[in-house]
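Values in this document were obtained by computation on a predicted structure and should not be read as measured data. In what follows, chains carry the letters A, B, and so on, assigned in the order in which the sequence lines appear, proteins first and then strands, with residues in each chain numbered from 1. These values consider heavy atoms only, across backbone and side chains, with no hydrogens, waters or symmetry-generated copies.
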Amino acid sequence: MGMDVTSVLNQLNSAQEQAVTSDKKHLLVLAGAGSGKTRVLVHRIAWKIQVDNVSPYGILAVTFTNKAAREMRERIDNLLGMSLRGMWVGTFHGLAHRLLKAHWRDAKLPENFQILDSDDQLRLVKRVMRAMDLDEQRWPPKQAQWWINGQKDEGLRAAHIQESGDPFMATMLRTYRQYELLCEQLGVIDFAELLLRVLELWRNNPEVLGHYQQRFGHILVDEFQDTNAVQYAWLRLLAGKNSDVTAVGDDDQSIYGWRGAKVENILSFERDFADTETIKLEQNYRSTSNILKAANAVIAKNADRLGKNLWTESGEGEPISLYAAFNEHDEARYIADRLSAWASEGNRREDSAILYRSNAQSRVLEAALLQAEIPYRIYGGQRFYERLEIKNALCYLRMMLNCNDDVAFERVVNIPPRGIGDRTLEQIRELSREAGCSLWDASTRMVEEKRLTARAANAVSGFMVLINEMSGQLDELPLSEQAENAIQHSGLVDMHRREKGERGQARVENLEELVNACKNFEPEDSGAPVLPQFLDQVALDAGDRQADQDEDAVQLMTLHSAKGLEFPMVFLAGMEENLFPHKMSIDEPGRLEEERRLAYVGITRAMQKLTMTFAETRSTYGTESFNSVSRFIRDIPKDVVEEVRLHNSISRPTTYAGITNSDEGSDTGFQLGQQVRHNVYGDGIILNFEGNGPRARVHIAFDEVGTKILILASANLVAI
DNA sequence: AAGGCAAATGTTTTT
DNA sequence: CATTTGCCTT
């Protein structure tokens, strides 16, 4: 190994360098937004390898997302100028999967255990609850699923939980027990189970634990504030007495508390890992000082903080723009307008992003972007491998691999419809329960023993012949042709082709995209069968790498999915009370603090220009609501904010001191924000009224010709 | 067993 | 508003 210390240390500020080179046993890095935390992590690994002569084989680096893992690996390879094969870099779940594959016997799992995604999990929970004869109205399966995952995230099995007199808890606990049994019986594990199983694997098998403790002398964890109880226990156990641990995180960016993440783990770290050096990274390299001022002011209101204050050497930059829209359409239009201008100044669209609190907001934004002909790309929402048509196709592949896969069986046995209805299926399930065999075996027996009507038997054997035919060629054909076979012969493609509207078309395209993904799939172990490797990878990777990265497009996403990203130009849309902070979180102090951290995350995504918008009227689910401007905006010092006044309009008192517009103009038959049509200027939206009676004037933003001021009485407006 | 219609239902979601 | 779910009819 070369000792090129300079390449590892240059480009680092003193706090970063201190973190990279720290020789205390453990290290806790509290890294503010944009302070270079990934850089520190990457350089610290390089430092250990190059200077401390640590073998890459002894290093374990854990992240939360596949994307972060890929990025880390890439950056280390680049820094060191070579690829480090022995080093483990991956997500908690990915590593857990790898461990369980290697130690399936000790973990008491079947060798070919399947991973359940949350959709599969919900189906099983439903199945359990139906078998228990629970009323789905009174006990929503989603809630039970949520509860079970919550327990697992805390490391609690059904057997660990004390029953209290509470009927809710008693029901949840019973469901949990039954669900555990069913998973056991089917040989499947959900996401939370992956982690919990590994914890138990280590606890119950000291020799297995010892092996990994010995191997991984150096453990590094990214986004430490997002670890849950099980992940924390994992780290403590694996680190044991000898390994050193580097944890990097930011308590101010903890936004996954609702998923079991524990910020407290940061506090516990210094206590549980003796001989820890704690370093704060507070210099921000991302944003202008105006943006940082806003971020600092917003987060300062939180009580439970370790306390960091971001600063920057860069200048004030532009003020933060605040636009008070009349309604969500006006808001979207304004944003589209600003984006057009930004792009026409020669900027790349992918350097801009629109962030929002909830996915439902994206619709209106999309419509406005579409109309303005601005290309956009939506992140998050439904992920590729979770789409209905893709999951169906994957389940066919699963059936080809292992026809005893009951979860897959249930899903596709009658998709596309082939005449196997509830009655038939229920008989098959019953036999499978009685005989303790798979649904597939039960079907075989039902047919053989002629226990079905002729029509049903015909349908069932049709399905079995189909699966058998496809799995017969398993070893002969390449993966992509297997997939092609699966989507064609199963009739999935035809089914969606017959579907009316654009949706069917999109689904067919997605299925073709799946075949494509199979073509590009590179198995880790080139000696082993490809299909199982593909299915495992797919189960642990949402497949959110976008297909058409080539087009320069504005990025739309929720605030949650924006964490870790940065953009020169950022819009925060929907800055209204009840939307952000969300009404579900407003009354609980702890949850409100998390919303505030989310606001902090949002603001700190912006590098050069931040624009926040809110709508005075917003229709949600068909009903109109009037929300005041978000408290997070009111917390921002006024001197960094510039309120946007529309073009030449004689402004109404929009001020975010909290005055909202009345229903001024209601006697004219039109309302603010209303869509109207003019026989010369075309379609537009009412921005403002001026004056009363027949001489009242109206400001309208037209789609084609911009804002005009017209005499209401002579404008001949038509509401649309 | 499948297809059509009314009713219910809506935060965030790395894996 | 728009999409999914469950019930009811063919």
- On a plain distance test, is the side chain of R503(A) in donor-acceptor contact with the base of dT3(C) below 3.5 Å?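 Donor-acceptor pair under 3.5 Å: no.
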
- Starting from the 5' end of DNA chain B, give me the residue, L598(A) or L425(A), whose nearest nucleotide shows up first.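 Taking each residue's closest nucleotide, the earlier one in sequence belongs to L425(A).
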
- Query: Under 4.0 angstrom, heavy atoms only, what part of the nucleic acid is T424(A) near: base, sugar-phosphate, or nothing?
  - Reply: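 The answer is sugar-phosphate, as T424(A) gets under 4.0 Å only of primed atoms, P, OP1 or OP2.
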
- Is W258(A) stacked on the base of dT12(B) when the test is centres under 5.5 angstrom and planes under 30 degrees?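 It does: the two rings, one from W258(A) and one from dT12(B), meet the stacking criterion.
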
- Task: Grab the NZ-P distance between K142(A) and dT4(C) for me, whole Å please.
- Result: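 Nearest whole value for this atom pair: 11 Å.
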
- Item | Closest-nucleotide ordering on DNA chain B, the 5'-leading residue of H560(A) and R455(A) |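 The residue closer to the strand's 5' end, by nearest nucleotide, is R455(A).
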
- Give the nucleotide from the list dT11(B), dG6(C), dT13(B) with an atom nearest to the side chain of N359(A).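 Shortest atom-to-atom distance from the side chain points to dT13(B).
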
- Query: Tell me: CG of D135(A) to P of dT5(C), nearest whole Å?
  - Reply: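 Between P of dT5(C) and CG of D135(A): 17 Å.
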
- Message: Measuring from the side chain of L540(A) (C-beta onward, heavy atoms only), which nucleotide among dA1(B), dT15(B), dG6(C) has the closest atom?
- Response: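 Among dA1(B), dT15(B), dG6(C), the one nearest the side chain of L540(A) is dT15(B).
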
- Message: Just to be sure I understand the rule, does N414(A) reach a base, reach only the sugar-phosphate, or reach nothing, if contact means heavy atoms closer than 4.0 Å?
- Response: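 N414(A): backbone/sugar contact only, no base atoms under 4.0 Å.
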
- Message: Need one value for F92(A): base, sugar-phosphate or nothing, where a base atom within 4.0 Å counts as base even if backbone is also close, heavy atoms only.
- Response: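 If one applies the 4.0 Å heavy-atom cut-off, F92(A) turns out to touch nothing in the nucleic acid.
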
- Message: So E328(A), base contact, sugar-phosphate only, or nothing? Heavy-atom distance under 4.0 Å.
- Response: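 It contacts nothing in the nucleic acid.
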
- Message: Output the rounded distance in Å from OH (Y356(A)) to C1' (dT13(B)).
- Response: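 One finds 14 Å between C1' of dT13(B) and OH of Y356(A), rounded.
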
- Which listed nucleotide (dT15(B), dG6(C), dA2(C)) is nearest to the side chain of R363(A)?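 Nearest listed nucleotide: dA2(C).
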
- Which of the following nucleotides, dT9(B), dT12(B), dT15(B), is nearest to the side chain of Q137(A)?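 The closest nucleotide is dT9(B).
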
- Message: Side chain of S585(A), heavy atoms from C-beta onward: which of dT13(B), dT11(B), dA1(B) has the nearest atom to it?
- Response: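 Selected nucleotide (nearest to the side chain): dT11(B).
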
- Salt bridge between R357(A) and E595(A), side-chain N to carboxylate O under 4.0 Å?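 Between E595(A) and R357(A) there is a salt bridge, with a charged N closer than 4.0 Å to a carboxylate O.
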
- Query: Where the side chain of M584(A) is defined as all heavy atoms beyond and including C-beta, which of dT15(B), dT11(B), dA2(B) is the nearest nucleotide?
  - Reply: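 The listed nucleotide nearest to M584(A)'s side chain is dT11(B).
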
- Task: Looking only at side-chain atoms of Y621(A), point me to the closest of dC1(C), dA1(B), dT12(B).
- Result: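 Out of dC1(C), dA1(B), dT12(B), the nucleotide with an atom closest to Y621(A)'s side chain is dC1(C).
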
- Task: Mark yes or no: R98(A) above the aromatic ring of W88(A), with NZ or CZ under 6.0 Å from the six-membered ring centre and no more than 45 degrees from the axis.
- Result: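 Judged by the rule (NZ or CZ under 6.0 Å from the ring centre, within 45° of its axis), R98(A) counts as positioned above W88(A).
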
- Message: In whole Å, I'd like the distance from the NE2 atom of H97(A) to the P atom of dT15(B).
- Response: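 Roughly 14 Å, once rounded to whole Å.
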
- Query: Nearest to the side chain of T65(A), which nucleotide is it out of dT15(B), dT11(B), dT13(B)?
  - Reply: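 Selected nucleotide (nearest to the side chain): dT15(B).
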
- Message: Could you tell me how far apart K583(A) (NZ) and dT9(B) (P) are, to the nearest whole angstrom?
- Response: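 In whole Å, dT9(B) P and K583(A) NZ are 15 Å from each other.
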
- Message: From C-beta outward on T91(A), which listed nucleotide comes closest to its side chain: dG6(C), dT13(B), dT15(B)?
- Response: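 Comparing dG6(C), dT13(B), dT15(B) against the side chain of T91(A), the answer is dT15(B).
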
- Taking 4.0 angstrom as the limit, do R497(A) and D494(A) come out as a salt bridge?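 Yes, R497(A) and D494(A) are salt-bridged.
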
- Message: Would you say the base of dT11(B) stacks on H582(A) (centre-to-centre below 5.5 Å, plane angle below 30°)?
- Response: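 Yes; by the centre-distance and plane-angle rule, H582(A) counts as stacking on dT11(B).
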
- Message: Strictly distance-based, threshold 3.5 Å: is any side-chain N or O of Q145(A) a donor or acceptor partner for the main-chain N or O of S118(A)?
- Response: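 Looks like yes, one N/O pair under 3.5 Å.
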
- Item | Under 3.5 Å side-chain donor-acceptor pair for D536(A) and Q114(A) |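 Side-chain D/A pair, D536(A) to Q114(A): absent.
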
- When rounded to the nearest Å, what value does the distance between P atoms of dT12(B) and dT5(C) take?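 16 Å, rounded to whole Å.
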
- Message: What I want to check is whether the side chains of Y176(A) and Q151(A) have a donor and an acceptor closer together than 3.5 Å.
- Response: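 No, no side-chain donor-acceptor contact under 3.5 Å.
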
- Query: Which nucleotide in the set dA1(B), dG6(C), dT15(B) lies at the smallest distance from any side-chain heavy atom of E386(A)?
  - Reply: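 Closest of the options to the side chain of E386(A): dT15(B).
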
- Task: Take atom CD of E595(A) and atom P of dT11(B), then tell me their distance rounded to the nearest Å.
- Result: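 Answer to the nearest Å: 12 Å.
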
- Return the value, rounded to whole Å, for the distance between atom CD1 of I415(A) and atom P of dG3(B).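 Roughly 12 Å, once rounded to whole Å.
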
- Task: Check whether any side-chain N or O of E331(A) sits under 3.5 Å from a backbone N or O of G574(A) as a donor-acceptor pair, and report yes or no.
- Result: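 Between the backbone of G574(A) and the side chain of E331(A) there is a qualifying donor-acceptor contact (under 3.5 Å).
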
- Message: Measuring to OP1 and OP2 of dT15(B), would you say a side-chain N or O of N66(A) lies under 4.0 angstrom away?
- Response: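 Yes, because at least one side-chain N or O of N66(A) sits under 4.0 Å from OP1 or OP2 of dT15(B).
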
- Can you tell me how far C1' of dT11(B) sits from CG of L355(A), to the nearest Å?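 It works out to 16 Å between those atoms.
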
